[in-house]
Visitor: 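I'd like to ask some things about the structure below.
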4 protein chains.
Amino acid sequence: MDFNDKKSIFLQIADFFYEKILVKTMKDNDRVASVREMAVALEVNPNTVMRTYQYLQEQQIIYNKRGIGYFIAEQAYDKALAIKKEEFINHDLPEFFKTIDLLNINIEDIKKYKHENK
Amino acid sequence: MDFNDKKSIFLQIADFFYEKILVKTMKDNDRVASVREMAVALEVNPNTVMRTYQYLQEQQIIYNKRGIGYFIAEQAYDKALAIKKEEFINHDLPEFFKTIDLLNINIEDIKKYKHENK
Amino acid sequence: MDFNDKKSIFLQIADFFYEKILVKTMKDNDRVASVREMAVALEVNPNTVMRTYQYLQEQQIIYNKRGIGYFIAEQAYDKALAIKKEEFINHDLPEFFKTIDLLNINIEDIKKYKHENK
Amino acid sequence: MDFNDKKSIFLQIADFFYEKILVKTMKDNDRVASVREMAVALEVNPNTVMRTYQYLQEQQIIYNKRGIGYFIAEQAYDKALAIKKEEFINHDLPEFFKTIDLLNINIEDIKKYKHENK
DNA sequence: GTGGTCTAGACCACC
DNA sequence: GTGGTCTAGACCACA
């Protein structure tokens, strides 16, 4: 992870967890790396990781056991899917349609890029 | 224009011009509203408009005639299309594919949303 | 003439006259094109040409006969040479030396570029 | 720094950094003073420094670490040299040759001035 | 603490 | 009238 992106670092880290959950690498009640471990691993300020964890906790994707650590919440997969899907349909997709219209790109053409990308 | 978006105002104004050019409302050598006029029209500080204009000038979408004003550059359409297409293919599209994979959405499904949106 | 330069247009026009005088294309008491003619020829606002003429008049490079027009002043060549030489030695040259030092370029190397340029 | 020059302040500050890099006072990955520090040091508005930093960032002379600050980019020396050399050869030098031709100055004469200057 | 954006208002050179 | 630069000061998100 490089964090060169315009997106804030704490959100990029959050996406990292979303991904792990959506591909089922991380499952309900799995332990999450401690703030300090994560900060060292990512070469990032612990405050930044802390912020990610609080953000994920607000979304009920992880939960905290005081003095023990953070864990993946029950039904994290469903929640993550719902959150990301909502985001996709209400934000990404409309923008996507607007852009391809403006650029005169056909949806059919998109598929080609998909295969090229692979 | 409302500027409720998270994107910075000066970039939203830039996109406003990109759009005008891509739908061919503005054509080569058309005069662009003066910094002050634009600022009044958008209810925005002149400095903000200035920033947009310098940004567009760097991208060679507009050019300046000393003491007279800004004008749409030659081949602005081609340049705008190239810039936005590059952005779309190298940034938006990979992210798009990654997201739909994660969310288990098929490209075919996307088309339905398109029609619903219309 | 294109006036794309960062230098102001009226000074670029002034330089045009300096050059004519220094290569002796224009000589003492030659008539200078009228403000309007010049403005049309250069596709420039008459005010801009006017400013050039006033500037050259201040430097006593041209003089005005009321109702008749502008003319090259006596000894314009000597004056032009003196002005430009002063400018060169006190402004251009020090900057020139500073730059070649910074870029680690030897004066001897400069000669090569001269020949390449020709 | 005095900023008496006709050049804009933010570009003079940029040149200040170019110089530091070209004389190797500043090296790759060195931290650059924060916008606020620099503004205080130069007795200049933070916005002005900000503008310099963004200008240098576009030229890839410095880069930003989010929330931490600006740093000298990798190979900043090479880039700075290339930029300034390009400027010198394509802009300063042709003008230089034109001027000395007009003024009937020989390149050999230039060397004398160099020694007088020192 | 860091950068980033924006406003308000001023001043300047130039056309 | 035009753009261009700068100041002063504010507010925000982020690390």
Side-chain angles (χ1 to χ4, degrees), chain A residues 3 5-14 35 39 42-52 54-55, chain B residues 3 5-13 31-39 42-55 57 62-71, chain C residues 3 5-14 35 39 42-52 54-55, chain D residues 3 5-13 31-39 42-55 57 62-71:
Chain A
F3 309 123
D5 208 339
K6 61 187 175 305
K7 215 177 194 174
S8 60
I9 295 179
F10 88 92
L11 284 179
Q12 291 182 57
I13 301 175
V35 172
L42 298 177
E43 293 180 312
V44 141
N45 191 304
N47 288 332
T48 306
V49 177
M50 192 62 221
R51 188 153 179 193
T52 298
Q54 289 181 333
Y55 172 77
Chain B
F3 309 125
D5 208 339
K6 63 192 174 304
K7 218 178 195 175
S8 57
I9 295 180
F10 85 93
L11 285 180
Q12 291 183 56
I13 302 176
R31 191 174 190 285
V32 168
S34 82
V35 173
R36 288 167 173 86
E37 283 168 9
M38 201 68 191
L42 299 177
E43 294 181 314
V44 140
N45 190 288
N47 285 333
T48 305
V49 177
M50 188 72 230
R51 200 164 167 191
T52 299
Y53 283 10
Q54 293 192 333
Y55 173 76
Q57 193 177 28
I62 63 178
Y63 67 93
N64 175 258
K65 282 193 198 171
R66 309 182 59 117
I68 301 185
Y70 281 95
F71 299 81
Chain C
F3 309 123
D5 208 340
K6 60 186 178 304
K7 214 177 193 175
S8 58
I9 295 180
F10 87 91
L11 285 178
Q12 290 182 57
I13 301 175
V35 171
L42 298 177
E43 293 179 314
V44 141
N45 190 303
N47 289 333
T48 307
V49 177
M50 192 64 222
R51 186 153 180 193
T52 300
Q54 289 182 333
Y55 173 77
Chain D
F3 309 124
D5 209 338
K6 64 191 174 303
K7 219 178 193 174
S8 59
I9 295 180
F10 86 92
L11 285 179
Q12 290 182 56
I13 301 176
R31 192 176 189 285
V32 168
S34 82
V35 172
R36 288 166 173 84
E37 284 168 9
M38 202 68 192
L42 299 177
E43 294 180 312
V44 140
N45 190 288
N47 284 334
T48 304
V49 177
M50 188 70 231
R51 198 163 169 193
T52 299
Y53 283 10
Q54 292 192 333
Y55 172 77
Q57 194 177 27
I62 64 179
Y63 67 94
N64 175 258
K65 282 193 198 171
R66 307 182 59 113
I68 302 185
Y70 281 95
F71 299 81

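Naming: A, B, ... by sequence-line order, numbering from 1 per chain.
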Visitor: R31(D) and I68(D): which non-hydrogen atoms are nearest, and at how many Å?
Guide: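 Smallest heavy-atom distance, with atoms named: NH2-O, 2.8 Å.
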Visitor: Who are the side-chain contact (heavy atoms from CB on, under 4.5 Å) partners of T48(A), not counting sequence neighbours?
Guide: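 T48(A): side-chain contact (heavy atoms from CB on, under 4.5 Å) contacts with I9(A), F10(A), I13(A), V44(A), N45(A).
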Visitor: Could you summarise the pairing of DNA chain E as dot-bracket text, marking Watson-Crick and G-U pairs under 3.5 Å with ( ) or [ ] inside the strand and | across strands?
Guide: ||||||||||||||.
Visitor: Roughly, in whole Å, what's the span from CG in D5(B) to C1' in dC6(E)?
Guide: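 Value for this atom pair: 16 Å.
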Visitor: Name the nucleic acid region contacted by Q12(A), choosing base, sugar-phosphate or nothing; use a 4.0 angstrom heavy-atom cut-off, strictly under.
Guide: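 Counting heavy atoms under 4.0 Å across all strands, no contact is made by Q12(A).
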Visitor: Listing time: all N or O pairs from protein to nucleotides 13-15 of chain F that are below 3.5 Å?
Guide:
unit_1	atom_1	unit_2	atom_2	d
dC14(F)	OP2	R51(A)	NH2	3.2
dA15(F)	OP1	I9(A)	N	3.1
dA15(F)	OP1	R66(D)	NE	3.0

Visitor: Mind calculating the distance between CD1 (I62(B)) and P (dT2(F)) to the nearest angstrom?
Guide: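 For the pair I62(B) CD1 and dT2(F) P, the rounded distance is 15 Å.
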Visitor: Quick one: list whatever passes ring pair (Phe, Tyr, Trp, His ring centres under 6.0 Å) with Y63(B), sequence neighbours left out.
Guide: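 Applying ring pair (Phe, Tyr, Trp, His ring centres under 6.0 Å) to Y63(B) gives F71(B).
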Visitor: Does K7(C) have any salt bridge (Lys or Arg N to Asp or Glu O under 4.0 Å) partners at least two apart in sequence or in another chain, and if so, which?
Guide: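 Expected list: D15(C).
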Visitor: Tell me which nucleotide among dT2(E), dG3(E), dG3(F) gets nearest to the side chain of M50(D).
Guide: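 Closest nucleotide among those given: dG3(E).
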Visitor: Closest nucleotide of DNA chain F for E43(D) versus for Y70(B): which of these residues is on the 5' side?
Guide: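 This one resolves to Y70(B).
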Visitor: Any side-chain N or O of Y55(C) less than 4.0 Å from the OP1 or OP2 oxygen of dC14(E)?
Guide: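 Result: no.
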Visitor: Is a side-chain N or O of R66(D) found less than 3.5 angstrom from the main chain of K6(A), in a donor-acceptor match?
Guide: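 Yes: the side chain of R66(D) pairs with the backbone of K6(A).
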Visitor: Starting at CE of M38(D) and ending at P of dT2(E), how long is that distance when rounded to a whole Å?
Guide: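 Atom CE in M38(D) sits about 14 Å away from atom P in dT2(E).
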Visitor: Suppose we screen for side-chain contact (heavy atoms from CB on, under 4.5 Å). Which residues come up paired with Q54(A), at least two apart in sequence or across chains?
Guide: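 Partners of Q54(A) under the side-chain contact (heavy atoms from CB on, under 4.5 Å) test: M50(A).
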Visitor: Check side-chain contact (heavy atoms from CB on, under 4.5 Å) between M38(B) and all other residues, then give those that pass, not counting sequence neighbours.
Guide: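 M38(B) satisfies side-chain contact (heavy atoms from CB on, under 4.5 Å) with F16(B), F17(B), A33(B), L42(B), V49(B), Y53(B) once adjacent residues are dropped.
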Visitor: Select base, sugar-phosphate, or nothing to describe what Q57(B) touches, counting heavy atoms under 4.0 Å on all strands.
Guide: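 Nothing, no heavy atom under 4.0 Å.
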Visitor: Is any N or O donor-acceptor pair between the side chain of R36(B) and the base of dG3(F) shorter than 3.5 Å?
Guide: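 Side chain to base: pair found, below 3.5 Å.
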Visitor: At under 4.0 Å, does any side-chain N or O of Q54(D) touch on OP1 or OP2 of dG3(E)?
Guide: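 For dG3(E), OP1/OP2 do not have a side-chain N/O of Q54(D) under 4.0 Å.
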